[in-house]
Number of protein chains: 2
Amino acid sequence: MVTYRAVRMGFGNVGRAVATLFLQRGTAVERDHGVAVRFVLVADRSGAAVDPAGLDLQRLLDVKARTGGVAAYPGGGRPGLSGAAAIASVAADLLLEVSPTSVRTGEPGLAHLRAALNRAMHVVTANKGPLVGAYRDLMRLAHERGVELRYAGTVAAPTPALDLARYALHGAVVESIEAVPNATTNYILTLMEAGYALEDGIRAAQDVGIAETDPALDVEGWDSAAKIIILANTVMGGDLRLDDVDVEGIGAVTTAQLTQARRQGRALKLLASVRRGPRGLHAAVAPTPLPVEHPLARLRNTAMGVLFHTDLLGDLLVSVEGDAPLGTAQAMLRDVVQIGREHRALS
Amino acid sequence: MVTYRAVRMGFGNVGRAVATLFLQRGTAVERDHGVAVRFVLVADRSGAAVDPAGLDLQRLLDVKARTGGVAAYPGGGRPGLSGAAAIASVAADLLLEVSPTSVRTGEPGLAHLRAALNRAMHVVTANKGPLVGAYRDLMRLAHERGVELRYAGTVAAPTPALDLARYALHGAVVESIEAVPNATTNYILTLMEAGYALEDGIRAAQDVGIAETDPALDVEGWDSAAKIIILANTVMGGDLRLDDVDVEGIGAVTTAQLTQARRQGRALKLLASVRRGPRGLHAAVAPTPLPVEHPLARLRNTAMGVLFHTDLLGDLLVSVEGDAPLGTAQAMLRDVVQIGREHRALS
């Protein structure tokens with residue numbers, strides 16, 4: 001049995017889902033996979049909750065729901081304790097990083113990752129920003145410290161898109177990748193295909209909790225760009241950053257275009273792609289009419305998929321549809337289990 | 001670096017593909033993943049080729065092509081040495097099992113697996129028979145000896161269908177599985193959809209090397225049955241055997257049925273499925289008209305796919321289309337790499 005003492009930075013939607021998942025399945029995972037997690041510090045904007053013996057996750061969820069912050073945790077509240085200082089304040093061997101983080105600057109997640117890796121803690125993150133801005137640096141730092149940096153939750157989380165690189169593609173070469181990795185825009189495009197105008201589609205997506213209050217990151221294509229970068233860097237050995245991707249969102253897509261595409265037997269998707277070119281990897285995000293027989297064309301609503309064009313294994317598709325509210329949390333859990341099985345606890 | 005001394009039983013299509021793959025990619029895999037394989041014994045019907053320092057795979061392929069058997073390997077040929085005796089004749093820590101083996105009796109593969117596991121050798125097999133007949137026994141034996149038994153090559157090999165259970169589904173419950181796991185029947189049905197009669201479809205599939213000379217195993221559904229059993233036992237904790245599956249092949253399917261299904265917006269597929277029922281797992285194989293929006297409906301020609309209905313992760317699809325002639329060999333290679341990364345060489 002490996003038991004990790006974990007710090008979690010962030011207690012928003014994903015943070016709550018992580019807590020819920022460990023409450024529901026933590027015992028089964030311990031039994032089935034021999035990996036246990038004891039949360040010794042959880043931080044949010046209010047400060048931190050600390051207990052070296054392990055926080056009570058249900059109590060933490062209750063406190064958060066009641067007071068809006070974890071700093072009111074009975075007996076272990078530390079108002080104002082945050083960031084790298086919080087990480088340095090406890091003995092721990094694992095960081096789960098889910099704090100609200102900018103895709104462009106990577107902060108504050110990036111600072112958290114560096115602080116944890118420098119302390120030789122394993123890191124599991126659901127934040128794309130740090131990976132988009134500093135992928136090679138972070139991987140090098142993790143390697144130097146002999147720890148793992150995992151991030152299955154960053155790309156089409158319920159699918160094993162990123163796990164493939166580590167566990168299934170050995171010896172094969174990925175020549176290109178095509179993906180529909182952003183559920184929000186795919187949902188909006190599905191509504192537009194049914195006649196909605198863009199703004200109405202966005203509003204409807206917000207009403208059902210699929211789109212953020214500020215939908216720009218999704219609608220303008222930056223979320224998809226971040227995901228194709230992470231795929232390219234992980235699976236194709238790239239070193240791409242956000243500036244390296246040609247990005248066009250769905251802001252200029254019209255209902256008429258969608259209707260016309262459909263009439264021509266095509267489905268308009270916000271496609272993220274990367275291929276090997278004469279000057280290295282070339283990545284792009286753009287609304288693209290896909291022929292109906294294309295493996296990604298049938299993904300509707302909040303479905304997501306990633307298609308790997310390989311030399312030895314044909315065209316491999318992984319996709320997800322239907323409800324997976326704990327998908328990102330489960331991706332982080334599987335990262336933790338994989339690390340636990342491959343390493344012993346460091347202390 | 002982990003270096004395995006490997007015995008390979010079988011040198012048919014898959015055996016040749018394994019040799020070709022290791023010749024082409026072995027060095028890259030050593031460099032990227034730190035796992036190397038030295039083949040110390042390779043056996044086929046003619047006997048064995050033996051070299052404790054490692055056989056020359058290119059020479060082995062040449063001898064096989066020239067003489068039809070490995071026993072003519074210069075300096076290391078052992079005519080007549082076969083089966084468990086061959087496995088016991090050398091010091092080795094890994095068995096790659098690809099000998100022609102009955103899906104019904106599991107032999108001779110089953111004897112090879114038992115011999116190797118009893119010698120505390122890791123086993124990687126592409127044979128379904130032993131797993132269909134003795135899954136729990138074999139897993140128990142492997143566990144007792146502290147070694148791994150892996151078989152990614154047995155089900156929809158180019159896809160990570162079986163890897164999912166080990167590396168991606170932690171904490172999630174698979175409620176049911178639907179699969180189109182047999183490329184041969186899918187190819188025949190695609191031809192029948194275009195108007196071919198069953199026998200003409202079978203002949204065409206044989207002409208392009210997709211169907212065996214004796215196509216019964218595929219056409220009657222037994223190959224699909226074996227695959228859904230392996231999926232159910234691996235991913236859903238089952239203990240199913242061949243007799244537990246309701247099997248109907250495509251022998252009674254008519255061109256008219258396919259045309260009619262298509263007219264109704266459906267695609268007729270040989271569907272293998274398993275679900276949890278009141279009395280445990282219930283598995284079946286049957287020609288099934290799928291609505292066009294079903295994730296498996298679009299798989300045509302030799303495409304294959306497996307759809308996992310889960311509680312936490314929605315409906316997960318993995319599928320493959322296009323050429324993957326080394327797919328099974330690569331699945332065995334990834335099994336070896338995974339074992340190598342998780343264990344040290346035993347000696």
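Just so it is clear, the values below take in all heavy atoms, side chains as well, and ignore hydrogens, waters and symmetry mates. Within every chain, numbering begins at 1; the chains are lettered A, B, ... in the order of the sequence lines, protein sequences first and strands thereafter.
Taking the centre and axis of the six-membered ring of A/Phe39, the NZ or CZ atom of A/Arg8 falls inside the cone set by 45° and 6.0 Å.
In this structure, chain A has a heavy atom under 4.5 Å from the side chain of B/Val337, while its backbone stays farther away. Looking at B/Arg166, the atoms closer than 4.5 Å to chain A (heavy atoms on both sides) sit in the backbone and in the side chain alike. No part of B/Val35 comes within reach of chain A, as not one of its non-hydrogen atoms sits under 4.5 angstrom from that chain. Contact of B/Leu169 with chain A is made through the backbone alone, with heavy-atom distances under 4.5 Å. Of the two parts of B/Asp32, neither the backbone nor the side chain holds a non-hydrogen atom closer than 4.5 Å to a non-hydrogen atom of chain A. Using a 4.5 Å cut-off between heavy atoms, A/Val173 touches chain B through backbone and side chain atoms alike. Contacts between B/Arg25 and chain A at a heavy-atom distance below 4.5 Å involve the side chain alone, from C-beta outward.
Paired with B/Lys269 under the rule side-chain hydrogen bond (donor to acceptor under 3.5 Å, both in side chains), one option of B/Asn182, B/Thr190, B/Asn186 passes, and it is B/Asn186.
With chain A as partner, the option from B/Leu307, B/Val318, B/Leu312 having the largest number of non-hydrogen pairs under 4.5 angstrom is B/Leu312. Looking only at heavy-atom pairs under 4.5 Å with chain A, the residue among B/His33, B/Gln338, B/Gln24 that has the most is B/His33. Between chain A and the residues B/Pro295, B/Ala28, B/Pro160, the most heavy-atom pairs under 4.5 angstrom are made by B/Pro295. In terms of heavy-atom pairs under 4.5 Å with chain A, the best-connected choice from B/Leu317, B/Val29, B/Leu164 is B/Leu317. In terms of heavy-atom pairs under 4.5 Å with chain B, the best-connected choice from A/Gly322, A/Ser319, A/Ala324 is A/Ser319. By number of non-hydrogen pairs under 4.5 angstrom with chain B, the leading residue of A/Val292, A/Val336, A/Thr310, A/Asp311 is A/Asp311. The residue among A/Ala331, A/Ala168, A/Gly305 with the most heavy atom pairs within less than 4.5 Å of chain B is A/Ala168.
Looking at heavy atoms from C-beta onward, A/Leu268 lies out of side-chain contact with A/Thr288 at the 4.5 angstrom threshold.
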Dump the intermediate steps for salt bridge (Lys or Arg N to Asp or Glu O under 4.0 Å) on B/Glu193 and B/Arg300, then the final yes or no.
CA-CA 10 Å; B/Glu193 228 174 30; B/Arg300 295 168 62 76; 2.7 Å; yes

For A/Glu342 and A/Arg150: C-alpha separation, side-chain torsions, deciding distance, then whether salt bridge (Lys or Arg N to Asp or Glu O under 4.0 Å) applies.
CA-CA 13 Å; A/Glu342 291 166 33; A/Arg150 302 281 177 114; 3.0 Å; yes

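Using bins of under 30°, 30° to 60° and over 60° for the plane-to-plane angle, the ring pair A/Tyr167/B/Tyr167 lands in the parallel bin.
The CG atom of A/Leu21 sits 5.5 Å away from the CG atom of A/Leu326 when rounded to the nearest 0.5 Å.
Nearest heavy-atom pair across A/Gly327 and B/Leu313 is CA-CD2, 4.0 Å. A pairwise comparison of heavy atoms in A/Met236 and A/Val174 identifies CE-O, 3.6 Å as the closest pair.
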